[in-house]
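Here the structure comes first, spelled out in structure tokens, and everything after it is commentary.
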Amino acid sequence: MAAPMWWLPPLLRCRPRFPATRGPGHGQARRISTEVVVQGQSQAAGGEEADSEVSARIKTFTEVQAEGLEQAQKTVLISYPTGISKKSILQYLSHHGRINSYFFYKGHGHHAMVEFSEKESVGSLQDVAQIAGSSVPGIPFKSRLFTLTPRQSLGQALDETSIPDYQHPTIPMEDLVQKLCCADSISNQLYSLLNEHQLTEENMKLRFLACSLIQDLARAYFPECVVKPFGSSVSTFGKLGCDLDMFLDFDEIGKSPTPKKTGPFHVEYQIKRMPSERAATQKILSVIGECIANFSPGCTHIQKILDARCPLMRFFHQPTGFHCDLTANNRIALRSSELLYIYGNFDSRVRALVFGIRCWARTHGITSSTSGPWITNFSLTMMVLFFLQKRKPPILPTLAELKNLADAEDKHVIGGHDCTFVSNLNKINQTENTETLDVLLNEFFEYFGNFDFGSKSINVREGKEHSKPEPSPLYIQNPFEQTLNISANVNQNQLDRFVALARECAWILQQVNQDHGQGGKQPWGLAAILVPPVIGSKKKMAKSMLTSARLKALLDSLRADIANKKGERAFSSWSLK
């Protein structure tokens, strides 16, 4: 019997599983979320060879952006009251066209995100939609946000067990620590944390849809503009719940792929001139901000932050639940996102280590969601990348090496800054480094626990320390705007806290062989360093026991040195706090 029209396969999540071990070529084999998949190819003749070729093909950042934006243009967001059958919603929408994917979720009400196969299906749905009459006046605007209401009473609630709601999975720290304790290695702990915190496919689709909905409004003023996500949302380092950064791109306005013949005259658009690009950006964002505030359904808490170094509009997009920042002419930030995308897809250890370090920093107050003297997630990520460039052999290439692999299409000079690097990951040779994450996590804390922050700066462009050009406590060179310090906000107290905690965690991780194997009863490895600062009598006792254990280890080491008569040993100057 043929399946009914409304039956559709559920959207699959892109949440990879990682093995416990790694070996040569591991980075190539573990690239995730951007593999090109050809349906049915594995069944064709020579399928194994074809599969190998396909799995090695990694989408470029531009391809991922274009695909996400194209899918978003064919997507609608449906709000509906409690009690409506989800199957009946899908059955109704399928009359307007074939449905590619969908999922249901609860946010500010009940919602369904539905992607059609053709953009015309959205127009078909808009043709039957109406602007409902109400005693409260409204702004008439044909968006892709719809509300479905039944024409008659629903009666009793319908069975919804066959199509569950998608849940934005956030695991409490206590549950995460308990789960990590059950892993058999620090490597698997890091991969487990990555799987819990990384953006899901559903969440990514919602982010592209939110950008597309704002683009619909912006095109009322600028018909050919594009609104693209950038930052954590597309760099592969985004965590569930992270803000959505949007880039209002005007580059395609007035451009033609091929020069048009206009006869004996050169034809130009008349435009209003501004004293500077910054002034133009401020004016554009101010106008678009007013449009969002007055006409966009579901957008609240609009803030104009136009005097910042990078002017932006901040707002909350209620239908998707995202806190959004909209900027314009911020192309260097977009290139930075692509650079992180390259590094994040180059070797699976990169993302796992970054997510682990970020989670650790957030737990201990090294980073913060509010502005201030804290180390930012971007700065922390740059530190991890720099550390991986310094391994022997290096795990990551430097930006200069990526530039040497670039071709003519990769050349980008923005505002006089060279932002050139290769965009095709398949042109980059895989690393010969096979160090496990168990080693890398401990070595990260060792490295920066003893780094000469007083005189040295961090430079991912060359993968080398340089003398600091200014007396800022922490100096991390912007990879493109090379005269800028991306960590200029960090004060000495925050840097000292980072160093002290790094040293403490390096010591804790060195005890893994002694403490592991207690049946998951006590935090060990990554779980041990994610335990929040001690509060209360039991935690004070645990801290006291930890300090005693450290003293005992140092005394035992001293006795061994004296007994062996091998001379004086160099002891660490780490604090015993």
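- Here the side chain of Q71 pairs no donor or acceptor atom with the backbone of E115 at under 3.5 angstrom.
- No close placement of the F444 and W360 rings is indicated, their centers lying 6.0 Å or farther apart.
- The residues K403 and D410 are annotated as not salt-bridged, no charged nitrogen and carboxylate oxygen being separated by less than 4.0 angstrom.
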Q: Kindly indicate, with the supporting measurements, whether the criterion side-chain contact (heavy atoms from CB on, under 4.5 Å) is fulfilled by M246 and C324.
A: CA-CA 7 Å; M246 300 178 174; C324 305; 3.8 Å; yes
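- For the pair R351 (side chain) and F237 (backbone), a donor-acceptor distance under 3.5 Å is absent.
- Note that the CG atom of L385 and the CD1 atom of I476 stand 10.5 Å from one another [nearest 0.5 Å].
- Here the side chain of S336 pairs a donor or acceptor atom with the backbone of I332 at under 3.5 angstrom.
- Annotation: H466, atom NE2; neighbour count of heavy atoms from other residues, nucleotides and ligands within 6.0 Å is above 12.
- Contact annotation: the side chain of K272 never approaches that of K283 to less than 4.5 Å [non-hydrogen atoms, C-beta and beyond].
- Using a 4.5 Å cut-off on side-chain heavy atoms (C-beta onward), Y102 and I78 make no contact.
- Not a single donor-acceptor pair under 3.5 Å links the side chain of E435 to the backbone N or O of L440.
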Q | Derivation of the side-chain hydrogen bond (donor to acceptor under 3.5 Å, both in side chains) call for S368 and T370 | A | CA-CA 5 Å; S368 175; T370 59; 3.0 Å; yes
Q: Determine, step by step, whether C211 and L244 satisfy the side-chain contact (heavy atoms from CB on, under 4.5 Å) criterion, reporting the C-alpha distance in whole Å, the side-chain angles of both residues, the deciding distance to 0.1 Å, and the verdict.
A: CA-CA 9 Å; C211 289; L244 172 56; 4.3 Å; yes
Q: Show your reasoning for whether salt bridge (charged side-chain N to carboxylate O under 4.0 Å, His left out) applies to R335 and E338.
A: CA-CA 5 Å; R335 288 295 286 172; E338 183 170 359; 3.0 Å; yes
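- The two residues S472 and N485 come nearest to each other via the heavy atoms OG-ND2, 3.2 Å.
- Between T75 and S212 the shortest side-chain heavy-atom distance does not fall below 4.5 Å.
- K390 and E465 are joined by a salt bridge, as a carboxylate oxygen and a charged side-chain nitrogen come within less than 4.0 angstrom of each other.
- Checked against P311 for a side chain to side chain contact (heavy atoms under 4.5 Å, CB included), the options L285, T327, I305 give a single hit: L285.
- Ring geometry for F386 against Y447 counts as tilted: the plane angle lies between 30° and 60°, on a 0 to 90° scale.
- The number of heavy atoms from other shown groups lying within 6.0 Å of CD (E118) does not exceed 12.
- Proximity of a side-chain donor or acceptor of R362 to a complementary backbone N or O of T367 within less than 3.5 Å is not detected.
- Around CD of E462, the count of heavy atoms belonging to other residues, nucleotides or ligands within 6.0 Å exceeds 12.
- Ring geometry for H317 against F315 counts as perpendicular: the plane angle is over 60°, on a 0 to 90° scale with 30° as the lower cut.
- Note: N489 CG to S379 OG = 6.5 Å, rounded to the nearest 0.5 Å.
- Expressed to the nearest 0.5 Å, how far NE2 of H412 lies from CZ of F421 amounts to 8.0 Å.
- Between the side chain of S337 and the backbone N or O of A333, at least one donor-acceptor pair lies under 3.5 Å.
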(Q) Checking Y166 against T200 for the side-chain hydrogen bond (donor to acceptor under 3.5 Å, both in side chains) test, could you report, in this order, the C-alpha distance in whole Å, the side-chain angles of both residues, the deciding distance, and whether it holds? (A) CA-CA 10 Å; Y166 162 67; T200 62; 2.7 Å; yes
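- Heavy-atom minimum distance, V64 versus F208: O-CZ, 4.1 Å.
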Q: Show your reasoning for whether side-chain hydrogen bond (donor to acceptor under 3.5 Å, both in side chains) applies to T431 and R391.
A: CA-CA 11 Å; T431 177; R391 305 308 294 165; over 6 Å; no
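- When side chains are defined from C-beta on, R207 counts as touching C242, because their heavy atoms get closer than 4.5 Å.
- Between the side chains of N424 and N426, a donor-acceptor pair is found at a separation under 3.5 Å.
- Although no hydrogens or angles enter the test, the distance criterion places a donor-acceptor pair under 3.5 Å between the side chain of R497 and the main chain of H364.
- Taking the six-membered ring where the residue is Trp, the centroids of F316 and H108 are separated by under 6.0 Å.
- Side-chain contact between Y343 and T381 is absent, with no heavy-atom pair separated by less than 4.5 Å.
- At distances below 3.5 Å, at least one donor-acceptor pair connects side-chain atoms of R278 with backbone N or O atoms of D307.
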Q: For salt bridge (charged side-chain N to carboxylate O under 4.0 Å, His left out), just list the numbers for E481 and R309, CA-CA rounded to whole Å, side-chain angles, deciding distance to a tenth of an Å, and then say yes or no.
A: CA-CA 13 Å; E481 299 177 86; R309 179 178 175 272; 2.9 Å; yes
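- Within the 3.5 Å criterion, the main-chain N or O of S232 finds no donor-acceptor partner in the side chain of K239.
- Counted within 6.0 Å of CD on E432, heavy atoms from surrounding residues, nucleotides or ligands total 12 or fewer; the atom is thus considered open.
- Rounded to the nearest 0.5 angstrom, L194 CG and L190 CG are separated by 9.0 Å.
- Considering CG of N345 and CG of L340, their distance stands at 11.0 Å, rounded to 0.5 Å.
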Q: Determine, stepwise, if the pair E290 / K304 fulfils salt bridge (charged side-chain N to carboxylate O under 4.0 Å, His left out).
A: CA-CA 9 Å; E290 289 297 322; K304 295 182 180 181; 2.7 Å; yes
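- Q73 places a side-chain heavy atom less than 4.5 Å from the side chain of D216.
- Screening I302, L248, D245, L312 for a side chain to side chain contact (heavy atoms under 4.5 Å, CB included) involving L326 leaves a single residue, L248.
- A distance of 13.5 Å separates CD of Q65 from CD of E70, quoted to the nearest 0.5 Å.
- Looking only at side-chain heavy atoms (C-beta outward), Q215 and V226 come within less than 4.5 Å of each other.
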Q: For the pair Y341 and T236, evaluate side-chain contact (heavy atoms from CB on, under 4.5 Å) and give the outcome as yes or no after the intermediate values.
A: CA-CA 6 Å; Y341 174 88; T236 74; 3.6 Å; yes
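- Closest non-hydrogen pair, A328 versus F247, comes out as C-CE1, 4.1 Å.
- Side chain of S121 to backbone of F116: no donor-acceptor contact under 3.5 angstrom is found.
- Heavy-atom neighbours of K456 NZ from other residues, nucleotides or ligands within 6.0 Å: above the threshold of 12.
- Here the shortest heavy-atom pairing between G454 and K468 reads O-CE, 3.2 Å.
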Q: Quick one: do F146 and L125 satisfy side-chain contact (heavy atoms from CB on, under 4.5 Å)? Show the steps, please.
A: CA-CA 9 Å; F146 300 94; L125 187 60; 3.7 Å; yes
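- With a 4.5 Å cut-off on side-chain heavy atoms, I428 and L405 count as touching.
- Ion pairing between R349 and E443 fails under the 4.0 Å rule for side-chain N and carboxylate O.
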